2 protein chains.
Amino acid sequence: MIRRPSQPRERGIPEATVARLPLYLRALNGMAERGLATVSSEDLAAAAGVNSAKLRKDLSHLGSYGTRGVGYDVEYLIYQISRELGLTQDWAVAIVGVGNLGRALANYGGFVSRGFRVAALLDADPEVVGDHIAGLNVEHIDELETVIRLRGVSIVVLATPAAAAQQVADRVVAAGVTSILNFAPVVLSVPEGVDIRKVDLSIELQILAFHEQRKMDRMTGGPAMADEWPEAVDL
Amino acid sequence: MIRRPSQPRERGIPEATVARLPLYLRALNGMAERGLATVSSEDLAAAAGVNSAKLRKDLSHLGSYGTRGVGYDVEYLIYQISRELGLTQDWAVAIVGVGNLGRALANYGGFVSRGFRVAALLDADPEVVGDHIAGLNVEHIDELETVIRLRGVSIVVLATPAAAAQQVADRVVAAGVTSILNFAPVVLSVPEGVDIRKVDLSIELQILAFHEQRKMDRMTGGPAMADEWPEAVDL
DNA sequence: GTCCCTTTGTGAACCGATGCACAAAGTGAG
DNA sequence: CTCACTTTGTGCATCGGTTCACAAAGGGAC
Ligand SMILES: NC(=O)c1ccc[n+]([C@@H]2O[C@H](COP(=O)([O-])OP(=O)(O)OC[C@H]3O[C@@H](n4cnc5c(N)ncnc54)[C@H](O)[C@@H]3O)[C@@H](O)[C@H]2O)c1
Ligand SMILES: NC(=O)c1ccc[n+]([C@@H]2O[C@H](COP(=O)([O-])OP(=O)(O)OC[C@H]3O[C@@H](n4cnc5c(N)ncnc54)[C@H](O)[C@@H]3O)[C@@H](O)[C@H]2O)c1
């Protein structure tokens with residue numbers, strides 16, 4: 001039961017740290033490919049685009065895996081982060097909604113590589129059901145519960161239209177899935193204990209537009225004085 | 001110069017607030033469609049999935065646009081938020097990299113609706129150049145600078161492979177664009193003043209996997225004791 | 001062994017964001 | 001006009017996260 005370098009910390013890694021670990025992992029994989037054996041917090045932080053103190057504090061939550069005066073062993077750190085993130089096992093992912101976006105995701109090789117495996121494609125449209133995409137057969141949404149159970153799906157990617165998303169999410173949760181990645185522009189309501197992450201293109205664009213507008217205002221000296229409600233309205 | 005309800009605040013809206021405004025806007029649009037005239041912070045907060053105190057504080061950064069005892073006028077608030085986000089003007093967007101993802105984005109109607117207009121599709125592959133997608137002609141990446149200038153592109157969506165992303169970003173920035181939405185899994189380095197937002201599917205999945213693993217550990221009582229480095233290694 | 005150099009791991013100050021709780025403001029009934 | 005009720009806007013305590021800065025740890029030279 002003796003552990004060589006040092007124990008990993010008591011459970012409880014800050015959420016902000018968890019969100020950065022994949023970034024470190026990606027940078028480390030690049031370094032491993034280029035044959036680097038060790039890396040300093042300074043260099044790794046630069047590659048990941050973060051402050052080096054932050055990087056060290058993040059890693060310290062996993063355990064004391066560095067060597068003072070030297071840095072971190074690249075392969076060892078890759079292993080530790082992978083283990084912490086749960087990438088040493090394979091996760092079966094189902095994609096629900098095989099339209100424009102669902103197809104792009106299914107064809108995307110990038111996430112199959114690391115720990116994730118697309119185990120099913122599901123759609124409600126009879127036109128789409130039966131299509132072959134990226135070596136998979138698109139199945140009917142009626143099969144949802146069966147597929148989840150039999151193939152051990154633990155993560156569902158939602159790429160249906162917004163109107164169908166909540167309804168599909170309810171079924172998915174009822175079938176026992178507790179992790180959902182949602183691309184539909186709706187606020188899903190799910191029970192306690194179910195993790196939802198959302199990717200929302202239009203929100204990202206709106207945030208960019210906000211800053212873009214600020215930059216333009218700064219150029220022209222203040223907003224173009226359009227503060228009034230355009231039509232005369234009585235509140 | 002007199003403003004009726006009250007002045008908007010001195011510049012400087014917290015970043016966290018900016019990120020939620022699009023959420024409120026979406027909820028408000030839904031309410032406007034259903035014919036609601038006013039809404040309380042409680043109801044709007046519920047629709048957007050946030051705490052009502054947070055909502056009120058967020059809105060207070062734009063100005064005092066509510067009426068005590070009544071709530072907020074839906075249409076008026078839509079206008080104020082739209083204006084703050086810069087959605088009262090149109091933004092020309094160029095999509096660079098018209099592969100699986102780029103095509104899905106180009107075909108996506110959802111963000112054309114509100115303030116954004118896809119003004120160009122650009123790709124390096126001669127096979128792809130000339131294709132017609134969603135009513136647009138795919139143009140060669142050599143045209144990048146010309147297209148940006150002539151069509152007033154202010155936001156670029158990057159959907160090229162990771163290897164090309166930095167290089168394209170450099171050109172885009174050199175052409176004067178200061179807002180980039182990046183889908184490629186790389187940390188882009190850009191000069192001060194350029195805003196980058198990234199959407200990274202694989203990071204989202206890894207975060208979900210982390211929590212999923214935690215949930216499984218909790219079931220089975222602690223991690224399955226795989227703390228050691230698999231092979232014997234000397235650090 | 002000693003000394004010097006590098007780099008980690010972390011205490012502590014700081015900063016922004018969150019959420020409670022309530023005074024102030026407004027509505028509507030009588 | 002007064003009173004009861006609703007709902008906003010915000011002061012304040014709190015929290016999580018970031019950053020600085022440095023003591024302690026380890027490596028290598030000699
Ligand atoms: N395409 C994009 O670039 C993009 C970008 C951001 C967000 N989105 C969002 O992603 C989602 C999908 O976008 P899209 O462009 O692929 O739409 P799409 O219409 O091309 O595809 C949706 C698919 O979902 C299927 N579907 C509908 N109801 C279903 C149900 N109940 N169960 C299973 N499948 C069902 C449809 O048959 C269709 O194949 C939408 O919510 C959209 O707002 C898309
Ligand atoms: N497809 C997905 O679901 C998905 C999901 C997450 C992230 N991504 C990322 O998005 C990016 C695009 O993914 P994809 O699946 O569409 O890849 P893809 O290979 O299908 O498309 C990439 C396109 O970019 C073009 N391109 C290459 N170099 C270029 C250059 N220098 N200038 C202009 N165009 C160039 C290619 O010709 C190709 O058409 C990748 O970085 C990928 O990692 C994709």
Side-chain angles (χ1 to χ4, degrees), chain A residues 3-21 23-24 28 31 36-74 76-77 80-81 84 207 234-235, chain B residues 3-21 23-24 28 31 36-74 76-77 80-81 84 207 234-235:
Chain A
R3 294 182 182 131
R4 268 174 306 147
S6 97
Q7 294 86 338
R9 290 313 154 82
E10 80 293 341
R11 311 280 87 189
I13 295 181
E15 197 52 37
T17 295
V18 173
R20 281 187 297 265
L21 290 179
L23 223 54
Y24 304 152
L28 284 164
M31 289 168 174
L36 269 77
T38 63
V39 64
S40 70
S41 63
E42 201 66 51
D43 291 352
L44 181 51
V50 303
N51 176 305
S52 74
K54 181 150 61 180
L55 171 84
R56 288 197 298 276
K57 188 153 286 188
D58 282 343
L59 294 184
S60 79
H61 286 110
L62 314 190
S64 244
Y65 297 136
T67 308
R68 291 168 193 233
V70 176
Y72 301 88
D73 182 276
V74 172
Y76 187 59
L77 196 51
Q80 290 298 345
I81 295 180
E84 194 63 46
I207 295 171
D234 303 320
L235 278 198
Chain B
R3 294 184 183 125
R4 266 172 309 147
S6 97
Q7 293 85 343
R9 288 313 152 83
E10 80 292 339
R11 311 281 86 189
I13 295 181
E15 198 51 38
T17 295
V18 173
R20 281 187 295 266
L21 291 179
L23 223 55
Y24 304 151
L28 285 164
M31 289 168 173
L36 269 78
T38 63
V39 65
S40 70
S41 63
E42 201 66 51
D43 291 353
L44 181 51
V50 303
N51 176 306
S52 74
K54 181 150 60 181
L55 171 86
R56 287 197 298 278
K57 189 156 289 187
D58 282 343
L59 294 184
S60 79
H61 286 111
L62 314 192
S64 243
Y65 296 136
T67 307
R68 290 167 196 234
V70 176
Y72 301 87
D73 181 276
V74 173
Y76 188 57
L77 196 51
Q80 290 299 346
I81 295 179
E84 194 63 47
I207 295 171
D234 302 320
L235 277 198

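As the structure is a prediction and not an experimental result, all values here were calculated from the model. Chain identifiers are assigned alphabetically (A, B, ...) following the order of the sequence lines, protein sequences preceding nucleic acid strands; residue numbering begins at 1 within each chain.
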field: Length of the line joining B:I13:CD1 and C:dA17:P, which is rounded to integer Å
entry: 12 Å

query: Want to settle it: does A:R20 or B:L59 sit nearer the 5' end of DNA chain D, counting the closest nucleotide to each?
result: B:L59

task: To the nearest Å, give me how far apart NZ (A:K54) and C1' (C:dT10) are.
output: 17 Å

- request: With the side chain counted from C-beta on, respond yes when B:I207 and A:E15 share a heavy-atom pair under 4.5 Å apart, and no when they do not.
  value: yes

- request: Evaluate the side-chain proximity of B:Y65 to B:L59: yes if any heavy-atom separation is below 4.5 Å, no if none is.
  value: no

statement: To the nearest 0.5 Å, atom OG1 of B:T17 lies from atom CG of B:L62 at 8.5 Å

- prompt: Rounded to the nearest Å, what distance is computed from the CG atom of residue A:L62 to the P atom of nucleotide C:dT8?
  reply: 15 Å

query: In whole angstrom, what separates A:D58's CG from D:dT19's P?
result: 11 Å

field: Pairs meeting criterion salt bridge (Lys or Arg N to Asp or Glu O under 4.0 Å) with involvement of residues 41-55 of chain B, two or more places apart
entry: none

- request: Specify the separation, in whole Å, of atom CG of A:L21 and atom P of D:dG17.
  value: 13 Å

message: Less than 4.5 Å apart, side chain to side chain, heavy atoms only: is that true for A:L44 and A:M31?
response: yes

message: Heavy atoms only, 4.0 Å cut-off, all strands: where does B:A53 land among base, sugar-phosphate and nothing?
response: base

query: To the nearest Å, how far apart are A:Q80 CD and C:dT8 P?
result: 17 Å

query: Rounded to the nearest 0.5 Å, how far does OH of B:Y72 lie from CG of B:L55?
result: 6.0 Å

- prompt: Between A:Y24 (OH) and C:dT8 (P), how many Å, whole number?
  reply: 13 Å

Presence of B:Y72 side-chain N/O under 4.0 Å of C:dG26 phosphate oxygens OP1/OP2: no

- prompt: Tell me, which of residues 36-51 of chain A have any heavy atom that sits under 4.0 Å from an atom in DNA chain D?
  reply: A:N51

- request: With rounding to the nearest 0.5 Å, note down the distance linking OH in B:Y24 to CD1 in B:I81.
  value: 8.5 Å

Closest nucleotide among D:dG26, D:dT19, D:dT10 to the A:T67 side chain: D:dG26

- request: Classify the side chain of B:R68 versus the base of D:dT7 as yes if they form a donor-acceptor pair under 3.5 Å and no if they do not.
  value: no

statement: Heavy-atom nearest nucleotide on DNA chain D taken for A:P14 and for B:R56; more 5' hit belongs to B:R56

- prompt: Whole-Å distance between C:dT18 P and A:E15 CD?
  reply: 14 Å

query: Taking N and O atoms by type only, does the side chain of B:K57 place a donor or acceptor under 3.5 Å from a partner on the base of D:dG9?
result: no

message: Please tell me if B:Y65 has a side-chain N or O lying less than 4.0 Å from either OP1 or OP2 of D:dT7.
response: no

